[in-house]
Amino acid sequence: MADPQDVKDAEPAPAPTERRPLPGAEPAALATGRVRDARVRPAPKVPSWVLKIIMAVTGTVFALFVLVHMIGNLKIFMDPEHLNTYAYWLRTAFEPLLPYEGLLWIMRVVLLACLVAHIAAAVMISARSRASRGTHKRRGMTNLRSFAARNMLVTGTVLLAFIVFHLLDLTLGKVVAADGYQHIENGEAYAYENVVASFSRWPVAAFYMFALVVLFVHLAHGLWTVVQDLGATGRRTRAVGLFLAGAIPLAILLGNILIPIAVLTGVVK
């Protein structure tokens, strides 16, 4: 029989450690027993908010590049010398501080890094969204904004194909380029002549115009998403963001699409 004194002096057993609920868990919901206070799947190594920030930053870089690129392309409406001089200047800019084509290669490396990061983040976010949604589908999403949101991967894939085509057509002058593509020789660029020769082929011009419409849809939704993902909550800030998300893609669409139309109609020849 145990000594009463020993029982009295015995230390009480430690109380079981109470597990703290996951952040955001509602006690009332947990009390019903219908909601579990446990992760459905392991936490990802890269949080989704990080992926969204990556897409927001890289998407903004692309939008600014396309806008500046469009402004330079509009020199085609001046005369051949203006566009050709501009094309050659891009290769000799900041010499001798930078080597020949140094500025172009810096932009290419930055854009390629942004492209890889943008695609990787998009694929990961899409996969997570699909896994979370399961077999359930949202109903009633029929407006233009929801169409753009649901088809961002599709429009992104089209734009990736367009980038490859564009580089082969007007940068490298390979495979899909027009007959007689002229590379830079003896300090002379032939950007004007190459653009006119390429867009004189109506299927190529039609593909460019189609890609520009796809770019408008992709950019408009993407830039509006940037406003939200970067945490803009003020009414005025969101209004400005919504305006820019529509104005910038529209300016890029109109500025660029005028070029193949001008070539096809003989305004630029």
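- To the nearest 0.5 Å, atom CG of residue Leu215 and atom CG of residue Leu159 are 5.5 Å apart.
- For Asn151 (side chain) and Val154 (main-chain N/O), no donor-acceptor pair under 3.5 Å exists by modelled atom type.
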Go through the steps for Leu111 and Phe65 under the test side-chain contact (heavy atoms from CB on, under 4.5 Å), then give the verdict. CA-CA 9 Å; Leu111 290 172; Phe65 169 77; 3.7 Å; yes
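- Between the Thr155 side chain and the Met152 main chain, a donor and an acceptor come within less than 3.5 Å of each other.
- From Ile125, atom CD1 reaches atom CH2 of Trp49 across 12.5 Å, with rounding to the nearest 0.5 Å.
- Tyr192 and Lys269 get closest at one heavy-atom pair: OH-O, 3.0 Å.
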I'd like to know whether Leu51 forms a side-chain contact (heavy atoms from CB on, under 4.5 Å) with Arg128, so could you lay out the CA-CA distance, the side-chain angles of the two residues, the decisive distance to 0.1 Å, and finally the verdict. CA-CA 11 Å; Leu51 297 177; Arg128 292 177 188 180; 3.5 Å; yes
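- The ring pair (Phe, Tyr, Trp, His ring centres under 6.0 Å) search around Tyr181 returns His183, not counting sequence neighbours.
- With rounding to the nearest 0.5 angstrom, the CG atom of Leu160 is 6.0 Å from the CG atom of Leu115.
- By the 4.5 Å heavy-atom criterion applied to side chains, Glu101 and Glu95 are not counted as neighbours.
- Expressed to the nearest 0.5 Å, how far CD1 of Ile54 lies from OG1 of Thr58 amounts to 7.5 Å.
- Linking Ile, Leu, Val, Met, Phe, Trp and Tyr residues whenever their side-chain heavy atoms come within less than 4.5 Å places Leu172 and Val204 in a single cluster.
- The closest donor-acceptor contact from the side chain of Ser126 to the backbone of Ala122 lies at 3.5 Å or more, if one exists at all.
- In terms of heavy-atom proximity, Met124 sits nearest to Val46 at CE-CB, 4.4 Å.
- Two different hydrophobic clusters hold Ile184 and Val196 under the rule that ILVMFWY side chains link at heavy-atom gaps under 4.5 Å.
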Please assess Asn73 against Ile259 for the test side-chain contact (heavy atoms from CB on, under 4.5 Å), listing each intermediate value before the final yes or no. CA-CA 8 Å; Asn73 288 341; Ile259 299 174; 3.7 Å; yes
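- Of all heavy-atom pairs spanning Ala189 and Asn84, the tightest one is O-CG, 3.2 Å.
- Ala120 pairs by the side-chain contact (heavy atoms from CB on, under 4.5 Å) definition with nothing, not counting sequence neighbours.
- Around CZ of Phe77, the count of heavy atoms belonging to other residues, nucleotides or ligands within 6.0 Å exceeds 12.
- Between Tyr88 and Tyr100, the angle of the ring planes lies from 30° to 60°, which puts this pair in the tilted group.
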Determine, step by step, whether Leu258 and Val267 satisfy the side-chain contact (heavy atoms from CB on, under 4.5 Å) criterion, reporting the C-alpha distance in whole Å, the side-chain angles of both residues, the deciding distance to 0.1 Å, and the verdict. CA-CA 10 Å; Leu258 283 175; Val267 175; over 6 Å; no
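- The minimum heavy-atom distance linking Met209 with Pro260 is given by the pair CG-CG, 3.8 Å.
- Taking each heavy atom of Leu83 and Gly72 in turn, the nearest pair found is CD1-O, 3.8 Å.
- For the atom pair CG of Asn256 and CG of Leu253, the computed distance is 8.0 Å after rounding to the nearest 0.5 Å.
- Both Leu254 and Phe216 are assigned to one and the same hydrophobic cluster, defined by single-linkage of ILVMFWY side chains at heavy-atom distances under 4.5 Å.
- For the pair Arg201 and Asp169, the salt-bridge criterion is met [side-chain N within less than 4.0 Å of a carboxylate O].
- Rounding to the nearest 0.5 Å gives a distance of 11.0 Å between NE2 of His69 and CD1 of Ile252.
- Val61 is connected to Met107 through a chain of hydrophobic side-chain contacts under 4.5 Å among Ile, Leu, Val, Met, Phe, Trp and Tyr, so both are in one cluster.
- Residues Trp224 and Arg238 form a side-chain contact, since some pair of their non-hydrogen atoms from C-beta on lies under 4.5 Å apart.
- Proximity of a side-chain donor or acceptor of Thr265 to a complementary backbone N or O of Ala262 within less than 3.5 Å is detected.
- A 4.5 Å side-chain heavy-atom check between Phe199 and Leu264 finds every atom pair outside the cut-off.
- Asn194 places no side-chain N or O within 3.5 Å of a backbone atom of Leu170 that could act as its donor or acceptor partner.
- Leu98 has its side chain within reach of Ile106: a pair of non-hydrogen atoms, C-beta onward, lies under 4.5 Å apart.
- Note on Phe94 and Leu104: same hydrophobic cluster, where clusters join Ile, Leu, Val, Met, Phe, Trp and Tyr whose side-chain heavy atoms are under 4.5 Å apart, directly or indirectly.
- Residues satisfying the ring pair (Phe, Tyr, Trp, His ring centres under 6.0 Å) criterion with His166, sequence neighbours excluded, are Phe162, Tyr208.
- Across all their heavy atoms, Val227 and Gly241 have their closest contact at CG2-CA, 3.7 Å.
- A donor-acceptor contact shorter than 3.5 Å is absent between the side chain of Asn186 and the backbone of Glu188.
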